[in-house]
Protein chains: 2
Amino acid sequence: MEHAPYTVCKTCTIRTKSFCGALPVRSLDSLANTRRLVRFERRQTIVCEGATAVSLFNIVSGVVKLYRSLPDGRTQIVGIRLPGEFFAIADGEKYTATAEALTSVVVCRFSRSRLKQLMQQFPQIQARLLEMSYRHLAAAQDQIFLLGRKTAREKVASFLMRYSGKFDPERMDKYRRVPMTRTEIADFLGLTTETVSRVLTSFAREKLVAIDLSHSVRLLNIDLLRKIAGN
Amino acid sequence: MEHAPYTVCKTCTIRTKSFCGALPVRSLDSLANTRRLVRFERRQTIVCEGATAVSLFNIVSGVVKLYRSLPDGRTQIVGIRLPGEFFAIADGEKYTATAEALTSVVVCRFSRSRLKQLMQQFPQIQARLLEMSYRHLAAAQDQIFLLGRKTAREKVASFLMRYSGKFDPERMDKYRRVPMTRTEIADFLGLTTETVSRVLTSFAREKLVAIDLSHSVRLLNIDLLRKIAGN
DNA sequence: CGCCTTCCATGATCCAAATCAATTCCAGTG
DNA sequence: CACTGGAATTGATTTGGATCATGGAAGGCG
């Protein structure tokens, strides 16, 4: 799991600098010393639901899905985390969801106990975590509304509007690849693979999207998709 | 909206004391001075989705529902807040959900901008907010799983396990009243009133619950209900 | 007390999405 | 290059919960 050499996370350092502004250099060093970079390939599990929470992570690059599942196989993705965001910020002793890499991912691992000390020393870090958890709470509310009250078409349209292109920011508006299988999209939207597939082909027939080789989705009519997504 | 006299919130002060431990008394006073108690009756709206976020609230007593709705009438409760918890902690400029009193509620209103200053002064307050937002994030994940993957029976059973009795803690195990209409329960669980009603009467037939006058629900077979709820 | 009004229960019917069931399509791989 | 296995599409059928419709019970109020 942790082959990566002991490296300082540049992304975090940069972010830390911008957020912690006036911190003395020595503080930044001590911050850096509590972190290390770890790389995960697509489909690798980063943390497991129910395991004792020892670390928390900041994403340097790549995308991570958080999911929960029941013994009978029912699975639900409860969140998607993009570069710069934190995950596995558990409330108590245990992780509340499993985290798995959706793309190649480089994460910055923080020791939980050490971070607690650092937060006391540098409130700016805490402020950043707080701000981010509000954003995630608002995103969770979006998903709750989507799951509770939207139709399959609305769900898929919302998903495309929200996430397509977020996976490789360089080619953002050209291809908007979504490196998720139909099953994963279904597990995000509370649907089945078949339904996701049917909705996507129906969108393709209506010229709302184009489905290229390797299942890349390109958005053709963003305005109409936004209208279908509703809010 | 704001008839209440300018009063210090004892609950908050007590909590603040326990969480802020070593703060000097003068700090606590300055904290207290930024707060005031406000009372809302059942069905009164406390804040509106989309309105500019100026305050945030701590619940002294009572229960609050947070919901979002679409122009076509579809409504989804995205969270329930119990005594001691904060709400309307918005990410940006606007509230992300409407907050409405489910019971008589006494809340402690904090000015957003002032709290920001205070947080910088007293990291302990920030730590408490952070801890609470993690808990709410975990609760949101529960709800996401429930909405995406559970059946109507499982949803209702989960709801009863989670919330019955939380509304008047004194009589916790005697009656477990749930002061929500069938419609509100439906809007929480992503169902319709009719389905909630049918599931509850079927639970009553199976002696899992008893439905008393004024629609109080009493749980009769908690073990079996927990099993139905799944996790 | 009787008249609303809101909430709840329950039956009949419908429908969106799930389930079941084949193919088809690729991306590897030897 | 053919083989293989996971992923996607597509069709047929079923079904859980929505929708429609009606009647009853409870609380509020003139």
Side-chain angles (χ1 to χ4, degrees), chain A residues 41-43 65 70 72-76 100 102-103 146-160 177-206 209-218 228 230, chain B residues 41-43 65 70 72-76 100 102-103 146-160 177-206 209-218 228 230:
Chain A
E41 296 307 320
R42 147 126 237 207
R43 275 169 216 280
K65 69 173 177 181
L70 246 39
D72 64 12
R74 283 181 285 180
T75 297
Q76 176 67 47
E100 188 187 301
L102 274 176
T103 63
L146 176 145
L147 290 168
R149 293 302 181 200
K150 287 189 177 178
T151 65
R153 275 175 73 89
E154 292 170 334
K155 285 177 176 180
V156 175
S158 303
F159 170 75
L160 291 176
R177 267 195 85 240
V178 177
M180 289 167 73
T181 66
R182 299 287 183 265
T183 304
E184 284 172 326
I185 297 173
D187 284 343
F188 183 68
L189 299 176
L191 298 171
T192 58
T193 5
E194 293 95 326
T195 301
V196 172
S197 180
R198 276 186 249 269
V199 171
L200 280 176
T201 52
S202 114
F203 280 176
R205 262 198 303 277
E206 300 166 39
V209 306
I211 293 165
D212 304 325
L213 283 187
S214 79
H215 315 296
S216 299
V217 176
R218 213 164 4 124
I228 293 173
Chain B
E41 296 307 320
R42 149 125 234 206
R43 273 168 216 282
K65 68 172 177 182
L70 246 39
D72 64 13
R74 284 181 285 181
T75 297
Q76 176 66 48
E100 188 187 301
L102 274 176
T103 62
L146 175 145
L147 290 168
R149 293 302 182 200
K150 288 188 177 179
T151 65
R153 275 176 72 89
E154 292 170 335
K155 285 178 175 180
V156 175
S158 303
F159 170 74
L160 291 176
R177 267 194 85 239
V178 176
M180 288 168 74
T181 66
R182 299 288 182 264
T183 304
E184 283 173 326
I185 297 173
D187 285 343
F188 184 67
L189 298 176
L191 298 170
T192 57
T193 4
E194 292 95 326
T195 301
V196 171
S197 180
R198 277 186 249 268
V199 170
L200 280 175
T201 53
S202 114
F203 280 176
R205 263 199 301 277
E206 300 166 40
V209 307
I211 294 164
D212 303 326
L213 283 186
S214 80
H215 315 296
S216 299
V217 176
R218 215 165 0 127
I228 292 173

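Within every chain, numbering begins at 1; the chains are lettered A, B, ... in the order of the sequence lines, protein sequences first and strands thereafter. Below, all heavy atoms of this structure are taken into account, side chains as well, without hydrogens, waters or symmetry copies.
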* Can you check whether Leu160(A) reaches Leu200(A) side chain to side chain, under 4.5 Å on heavy atoms? ->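 In short, these two side chains touch, coming nearer than 4.5 Å.
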* Asked: Going by heavy atoms in the side chains, are Leu70(B) and Gln76(B) under 4.5 Å from each other?
  ->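 Answer no - side chains too far apart.
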Tell me the interatomic distance from [X], atom [atom1], to [N], atom [atom2], rounded to whole angstroms.
X	N	atom1	atom2	answer
Leu200(B)	dT10(C)	CG	P	11 Å
Arg153(B)	dT15(D)	CZ	P	17 Å
Lys150(B)	dG16(D)	NZ	P	18 Å
Glu194(A)	dT13(D)	CD	C1'	13 Å
Phe203(A)	dT9(D)	CZ	P	14 Å
Gln76(B)	dA18(D)	CD	P	12 Å
Leu189(A)	dA17(C)	CG	P	12 Å
Lys155(A)	dA18(C)	NZ	P	7 Å

Tell me which nucleotide among [options] gets nearest to the side chain of [X].
X	options	value
Thr181(B)	dC7(C), dA21(D), dA18(D)	dC7(C)
Arg182(A)	dA21(D), dA18(D), dT9(D)	dT9(D)
Ser197(B)	dG17(D), dT10(D), dA9(C)	dA9(C)
Thr192(A)	dT19(C), dG17(D), dA17(C)	dT19(C)

Across the strands shown, which category fits [X] at heavy-atom distances under 4.0 angstrom: base, sugar-phosphate, nothing?
X	result
Leu191(A)	sugar-phosphate
Thr193(A)	nothing
Arg205(B)	nothing

* Asked: Step by step, would you call Glu184(A) with Leu102(A) a side chain to side chain contact (heavy atoms under 4.5 Å, CB included)?
  -> CA-CA 10 Å; Glu184(A) 284 172 326; Leu102(A) 274 176; 3.7 Å; yes
* Asked: Looking only at side-chain N and O atoms, does Thr195(A) come under 4.0 Å of OP1 or OP2 in dA18(C)?
  ->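 Indeed, a polar side-chain atom of Thr195(A) lies that close.
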* Asked: Under 4.0 Å between a side-chain N/O of Arg43(A) and OP1 or OP2 of dA7(D), yes or no?
  ->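 So the side chain of Arg43(A) is within the cut-off, an N or O lying under 4.0 Å from OP1 or OP2 of dA7(D).
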* side chain to side chain contact (heavy atoms under 4.5 Å, CB included) between Lys155(A) and Phe188(A), intermediate numbers included -> CA-CA 10 Å; Lys155(A) 285 177 176 180; Phe188(A) 183 68; over 6 Å; no
* Asked: Do you see a donor-acceptor pair shorter than 3.5 Å between the side chains of Ser158(A) and Glu154(A)?
  ->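 Looking only at side-chain atoms, Glu154(A) and Ser158(A) do not form any donor-acceptor pair under 3.5 Å.
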* To do: Ignoring hydrogens and angles, answer whether the base of dG16(D) and the side-chain atoms of Arg198(B) contain a donor-acceptor pair closer than 3.5 Å.
  =>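 No pair found.
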